[in-house]
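We use all heavy atoms of the structure for the numbers below, so side chains are in, but hydrogens, waters and symmetry mates are not. Bear in mind the structure is a predicted one, so any value in this text is a computation, not a measurement. Within every chain, numbering begins at 1; the chains are lettered A, B, ... in the order of the sequence lines, protein sequences first and strands thereafter.
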Number of protein chains: 2
Amino acid sequence: MTAKRVLTERAQALPALAECFRTHGFEGASLSLLCAASGLGKGSLYNFFPGGKAEMMEAVLAQIDDWFAQAIFAPLEQADDPATAITAMMAAVTAYFHGGGRVCLMGWIGLSNARDGFAGQVEGYFARWIAALARCLKSGGVAAQSAMRHAEDAVAGMQGALVLSRALGDQAAFTRLIERLRMALLDALAAA
Amino acid sequence: MTAKRVLTERAQALPALAECFRTHGFEGASLSLLCAASGLGKGSLYNFFPGGKAEMMEAVLAQIDDWFAQAIFAPLEQADDPATAITAMMAAVTAYFHGGGRVCLMGWIGLSNARDGFAGQVEGYFARWIAALARCLKSGGVAAQSAMRHAEDAVAGMQGALVLSRALGDQAAFTRLIERLRMALLDALAAA
DNA sequence: GTCTATAAAGCGATAGAC
DNA sequence: GTCTATCGCTTTATAGAC
């Protein structure tokens, strides 16, 4: 018999920690909450993350970036059919953010003071997203400058949709906004 | 001689408290920070705000709502020239948010857990903004449904511009996004 | 690798002197 | 109305038993 619970890799604890950070924010997620969310004691958490909360958040953001890289960014960059790729992106984003019910940790951290400690990760995430989307539009014949504008508008628009739908307590607003962002991108492709 | 400092109205402390909340968030703004920001001792703060931090935030949000009502919402609702009113709104918004260097407290609180305590104020703020903008567009001849869509897109887009420009550490992105939002609204008016 | 116990610091909030 | 001192609690982080 091994101990009660053995996690050979700290990565197994990351999803629960991520959800705790998403729910309470960086300052609001206390170690007690993070312990409760992950089912681990403080000793175990510090064994995996000697740097404490900051190292946990760093690892969480890294995993989020990895997930987006494979599920969102790569398909955009390698798209055969740009229009289909954009529709797939919006569907994936809607699923990931639970239709507006889940916060974007990257965007949230960017607003906060804790931003300074994770600025590189946050900036890289959004820069890659915009670049991947712009590349997809260009592959569909959209002029470089126009593609960059539309990509920037769309990524900002998705963040705005998350903020607004949560503020209004209205997830249907998220769906409406995302659908109109999708149409705007498809229109840009159609006009090219 | 009176005491060192006498504030006959608690409203005089609100701007400093607001800036402290904007910088550190609700959880992050400790009483020590709020004291330092306002130049008041804890005793004085509790004299003005017996309900503590929550009452301070409530008063701050109420003052923000008042400011927007007179500086942003009312001009939109009473506009003679919708296009001019929209351009004025974007200029006022850019000034208020320091060109992307200042966070929107309403949007931020909406993302956080503290939202539950201020949901009414946050929801009211955004609902009034969207309604005022839609009304302005309608007064310019835009169809009701289209006006509502464009208003929703624009308010979400402004929040997205704040999130994205902070995340990228690039205030120029805010300026670009706001300008394109302005053009989209003017186009909607021109098409009507 | 897991846990509990503990330390030191900071938190929100209150009491009371002036 | 202002301040300082203080309460009780929670926080992050560490130490050590198992």
Enumerate, atom names and distances included, each donor-acceptor pair closer than 3.5 Å involving a side-chain atom of residues 148-157 of chain A, sequence neighbours excluded.
unit_1  : atom_1 : unit_2  : atom_2 : d
H150(A) : ND1    : S146(A) : O      : 3.0
H150(A) : ND1    : S146(A) : OG     : 3.3
E152(A) : OE1    : R176(B) : NE     : 3.1
E152(A) : OE1    : R180(B) : NH2    : 2.9
E152(A) : OE2    : R176(B) : NH2    : 2.6
D153(A) : OD1    : R180(B) : NE     : 2.9
D153(A) : OD1    : R180(B) : NH2    : 2.9
D153(A) : OD2    : R180(B) : NE     : 3.2

Query raised in the report: Any idea which of dG1(C), dT2(D), dC3(C) is nearest the N47(A) side chain?
Result: dG1(C)
Query raised in the report: Could you state the CD-P distance from Q12(B) to dG1(D), rounded to the nearest angstrom?
Result: 12 Å
Requested in this report: Rounded off to whole Å, could you give me the CG-to-P distance for the L45(B) and dA13(C) pair?
Outcome: 11 Å
Query - Nucleotide dT2(C), atom C1' - distance to CZ of F49(A) in whole Å - result: 15 Å
Report task. Starting from P on dT10(D), measure out to NZ on K53(A) and report it in whole angstrom. Result -> 16 Å
Report task. Could you tell me which residues satisfy side-chain hydrogen bond (donor to acceptor under 3.5 Å, both in side chains) with E77(B), sequence neighbours excluded, listed by chain and number? Result -> none
Query raised in the report: What is the distance from CG of L17(A) to P of dT12(D), rounded to the nearest Å?
Result: 13 Å
Report task. Run through the side-chain heavy atoms of Ile, Leu, Val, Met, Phe, Trp and Tyr, join any pair under 4.5 Å, and report what else lands in M183(B)'s cluster. Result -> none
Query - Residues in side chain to side chain contact (heavy atoms under 4.5 Å, CB included) contact with A29(B), at least two apart in sequence or another chain - result: C20(B), F21(B), H24(B), L34(B)
**Report entry** Y96(A) ring center within less than 6.0 Å of F68(A) ring center
**Finding:** yes
Requested in this report: Using heavy atoms and a sub-4.0 Å distance, could you list which residues of residues 22-33 of chain A are near DNA chain D? By number, please.
Outcome: A29(A), S30(A), L31(A), S32(A)
Query raised in the report: Can you list the residues that meet the side chain to side chain contact (heavy atoms under 4.5 Å, CB included) rule with E19(B), with sequence neighbours excluded?
Result: R22(B), R102(B)
Kindly list each side-chain donor-acceptor pair under 3.5 angstrom involving residues 123-144 of chain B, sequence neighbours excluded, with atom names and distances?
unit_1  : atom_1 : unit_2  : atom_2 : d
R128(B) : NH1    : D65(B)  : OD2    : 3.3
S139(B) : OG     : C136(B) : O      : 2.7

Report task. Could you tell me the separation between the CZ atom of F21(B) and the C1' atom of dG12(C), rounded to a whole number of Å? Result -> 12 Å
Report task. If you link ILVMFWY side chains whenever their heavy atoms are less than 4.5 Å apart, which other residues fall into the same cluster as L33(B)? By chain and number, please. Result -> none
Query raised in the report: dG1(D) P sits how many Å from E9(B) CD, rounded?
Result: 12 Å
Pick out the pairs of N or O atoms, protein on one side and nucleotides 14-18 of chain C on the other, that lie under 3.5 Å.
none

Query raised in the report: Taking the six-membered ring for Trp, are F174(A) and F97(A) ring centroids under 6.0 Å apart?
Result: no
